[in-house]
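Beneath this line is the structure, given in structure tokens, with notes to follow.
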Amino acid sequence: MIQEDSDRKLALARARPNCFAPTFGSAIFPCGIAEGRMILNIGPQHPSTHGVLRLQVELEGERVISVTPIIGYLHRGFEKIAENRNYIQVIPLTDRLDYLSSMANNMVYVKAVEELLGVQIPERAEYIRVIMLELQRIASHLAAVGFYGNDLGLAFTAMMYTFRERELILDLFESVCGARLTYNYLRFGGVREDLPGNFKEKAREVLARLKPKIDEYERFLSEDEIFLMRTKDIGVLNPEDAINMGATGPVLRGSGVKTDTRITDSYTIYDKFDWEIVTGKDGDCFSRYAVWINEMRQSIKIVEQALDTLPEGPYLAKVPKLLKPPAGEVYSRIESPRGELCMHLISDGAATNPYRLKIRSPAFCNLSLLPHLAKNVLIADLIAITGSLDPVFGEIDR
Amino acid sequence: MMENPLVKGIVGAAVLAALISAALLFLIWLERKFIGRLQHRYGPNRAGKFGILQMVVDGIKLLTKEDIIPEKADRAVFTAAPILAFAIAFLPFAAIPFSESLVVSNINIGILYILAVSSLAVVPTIMAGWSPNNKYNLLGGMRAAAMMISYEVPAALAIIGVVMLAGSLNMVEIVKAQEKIWFFIPQIIGFSVFVVAAFVETARLPFDLSEAESELVQGWTTEYSGMKFAMLLFAEYIHSILASLLIVILFLGGWHGPVLPPAVWLLLKTFAVMLLLMWVRATVPRVRINQLLNIGWKILIPAALLNIALTGYARLLLG
Amino acid sequence: MTELDELKNKFPDAVIEVKLQRERRLWAAVKRDRLLEICKYLKQDFDHLSCISGVDYADRFEVVYHLWSYSKKKLLSLKVPIPKDDPAIDSVTAIWKAADWHERETYDMFGVVFEKHPNLTRILLPEDFEGHPFRKDYKLKESPWFSGKSPEEGSL
């Protein structure tokens, strides 16, 4: 009976997303849910929901009984808009998906269209792409580490520190393509513009500065007793569940599954460089955080090697602006900072716009693990677990 | 005329209130500036030289803002909470000696009085948590109550060690007893326990669970705005000042120090302790409620009891 | 091409078509009434359900299951055509839990009903939204939801 009432209450609250009226389950505030429990809406406006996530939490005191993530507040119908745009007009749209790693979104779309067309990409363009993608991964993980500090109540310090270094990478991007967040840089068959003359030196400077700073973050966070207390053994995800529930990226690798689309589904030229897949040990929040930190180190390694061996030559293959790819469909996969980012692109062969464009967003799939991870935890853990999944709502809601 | 306790009380209260308010504005500015520098940003730098007028401007803004009371709030309790909180925050200062003679009321059970009135602060906190009918406030209020009640005990137990050494409950006597050696050396366990408890009692990071911005939005003050919020904020801050003063008086030799006048030494030491509180705030994440209570009941209280036993044994040996 | 051949031999009457696009990209079209059996069989190798996408063709809907095998490092896209007048298909949530939100999204956008799904509700669109906007016949410009006014303002 109590359970039924609780379900009805949840259904009611879901049906009326703006209803914030207090619903206490007690004699003073009689309502549907079980005695001593209450439903708390965390978000969609809340300091640590990383955007517009709404978590409907059933609480018993401080204890979280169940969590229902409610998403869609940032839904812009990207996939539908893409059906009404030329192929090339979709590239700037992809920038707005995962706004912390626009390069990766550019890449997955450009790669899908290239597979449809069967274009050969110049070698220099491949190198530039790898440099951009890995710099983007560092920038995105820096933001993730900084936000994670905030989620654990670190009064903005970690964020100010990591954003200081992230700025340097954004400066590099700005010098390359004129934008700091929405790059619109990759093109079918290559990249939009060549690297500026002094890019190599500037990039090396940034990397040289970044390396000691990453050690500094580790000293600051990974060696902090309270940080460890808050992240160790919290939100533990075992590898079987991780695979079965569709986790990818740092969440999956945090559980100890050694896989990375960059290697297993090799694309561009990642196999030319010497680097390793980073994995965590315990599948808890700390392991996921450790994967961020260590992946940044690997990315630095890749960028350094790519800078050293960057060949001269054309940076863009000849591809017409107004495309009409042959009929067919492809499923393009890359490893975005958040996990496996895919696009299922269908061309009907007759139109200059995609027939269907479906995005597999890693943050969407990782967030779907939250109800599983946040069972029987405290409110503070719920926030820590949500942060460790690194949700970005441009991508989740699309 | 100053011998009349009523006149002395009124004058003392007025002077103290004015001084504390001024110190408050300065310290809040200092904290923002200091934490700003720790975080590689400037902090306030627009209003006045070095942004020194920032708190004045903020104060004016808060005081002139619309006074919002939530529709379903218990209006009387909602309004009473900030007033009570602000008033109660000033009470303990009556027994605080700023130097041997500079004390409003030199009562002989000064430390007991301070403990008693400062533990009243839990009442307005619970009122503010319950009355607005907001779940974030409620959770914050519950946390604040749990924190304050659990940490009153170790704080009081830590003080017992000091009282045993000084042989008096009078604040002036306690400071006088530290003329040769500051109590934080013989009382290092008690000192540690008291400092941790002070962080909790003043709800500062890493123990600011009752506000817990990233979890509970603003905790027990979520629904407050304008003047009422300012009063709650100031009350919290006055608790920090009080805690720093108590640490200095009980463990760091109070006004003792060479060359400078006693009151200046006391204020300088308090200032240093405040800086420590600020520094920690920018450095560590927040603990969880169960971890906080574990620290309190399973570590601090046994440690404080051990401290009492050791102190008693030492006194017995040394006669 | 072994996986595709095996699939074809195992379910000769259910597999409509198989295609090897390139290295690591396998495509297969199967009939919807044997979907659960086929999925249970494929689960042995293809342990990761990457994505479920819905497609609206002129004559049919298609639900595409993109399955990745961590051991064999191959991607199999399983296409299941379903008729427009009966857009229903069995839910695979019991096989891959990852299917949960993907199926909800496909239901939300295309109106494909996944039978035996534990909680088949809208996910990206509001609960009271009418219609399924990713269908090609959805009248975008005539929908009150896209007129720039919120439903409360009376355009519904």
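Chain A is the first sequence line, chain B the second, and so forth, proteins listed ahead of strands; every chain is numbered from 1. Since this is a predicted model, take the numbers as computed values, not measurements. The analysis underlying the following values was restricted to heavy atoms, covering all of them including side chains, and did not include hydrogens, waters or symmetry mates.
Side-chain atoms of C/Q21 come within 3.5 Å of backbone atoms of A/E329 as a donor-acceptor pair (strictly under, hydrogens ignored). Without hydrogens or angle criteria, A/K80 side chain to C/R135 main chain gives a donor-acceptor distance under 3.5 Å. Within the 3.5 Å criterion, the main-chain N or O of A/V330 finds no donor-acceptor partner in the side chain of C/R25. Proximity of a side-chain donor or acceptor of C/K136 to a complementary backbone N or O of A/Y355 within less than 3.5 Å is detected.
In this structure the side chain of A/N244 never reaches within 4.5 angstrom of the side chain of C/D47, judged on heavy atoms. Proximity of A/I346 to C/V55: side-chain heavy atoms (C-beta onward) are separated by under 4.5 Å at one or more points. At a threshold of 4.5 Å between non-hydrogen side-chain atoms, the residues C/R22 and A/E115 count as touching. The side-chain heavy atoms of A/K358 and C/E105, taken from C-beta on, include a pair separated by under 4.5 Å. Contact check for A/T248 versus C/H48: side-chain heavy atoms found under the 4.5 Å cut-off.
To the nearest 0.5 Å, the span separating CG on C/L75 from SG on A/C342 amounts to 7.5 Å. The NZ atom of C/K73 sits 6.5 Å away from atom OG1 of A/T259, with the distance rounded to the nearest 0.5 Å. To the nearest 0.5 Å, atoms OH (A/Y331) and CG (C/L76) are separated by 12.0 Å. Here the CD1 atom belonging to C/I123 is positioned 4.0 Å from the CZ atom belonging to A/F364, to the nearest 0.5 angstrom. Between atom CD1 of residue A/I71 and atom CG of residue C/L125 there is a gap of 10.5 Å, rounded to the nearest 0.5 Å. Atom CG of C/L49 is separated from atom CZ of A/R360 by 8.5 Å, given to the nearest 0.5 angstrom.
In this structure, no portion of C/K72 lies under 4.5 Å from any heavy atom of chain A. Neither the backbone nor the side chain of A/L341 comes within contact range of chain C; no heavy atom of the residue lies under 4.5 Å from a heavy atom of that chain. Within the 4.5 angstrom heavy-atom criterion, only side-chain atoms of A/R398, from C-beta onward, approach chain C. Heavy atoms of A/D348 lying under 4.5 Å from chain C are absent altogether. If you measure heavy-atom distances from A/L367 to chain C, the contacts under 4.5 Å come from both the backbone and the side chain. Neither the backbone nor the side chain of C/D108 has a heavy atom closer than 4.5 Å to any heavy atom of chain A.
Exactly one of A/I243, A/T261, A/T264 qualifies for a side chain to side chain contact (heavy atoms under 4.5 Å, CB included) with C/W68. That residue is A/T264.
Heavy atoms of other residues, nucleotides or ligands lying less than 6.0 angstrom from NZ of C/K84 number more than 12.
Ranked by non-hydrogen atom pairs under 4.5 Å with chain A, the options C/R122, C/H102, C/E23 are led by C/H102. With chain A as partner, the option from C/S77, C/G54, C/A99 having the largest number of non-hydrogen pairs under 4.5 angstrom is C/G54. Of the listed residues (C/Y57, C/W96, C/F134), the greatest number of heavy-atom pairs within a distance under 4.5 Å of chain A belongs to C/F134. With chain A as the partner, the residue from C/A98, C/S53, C/P133, C/S50 showing the most heavy-atom pairs under 4.5 Å is C/S50.
Salt bridge C/E62/A/R356: absent, no basic N to carboxylate O contact under 4.0 Å.
Residues that satisfy the ring pair (Phe, Tyr, Trp, His ring centres under 6.0 Å) test with C/W27, not counting sequence neighbours, are A/H344.
At a heavy-atom cut-off of under 4.5 Å, chain A is reached by no residue from residues 111-118 of chain C.
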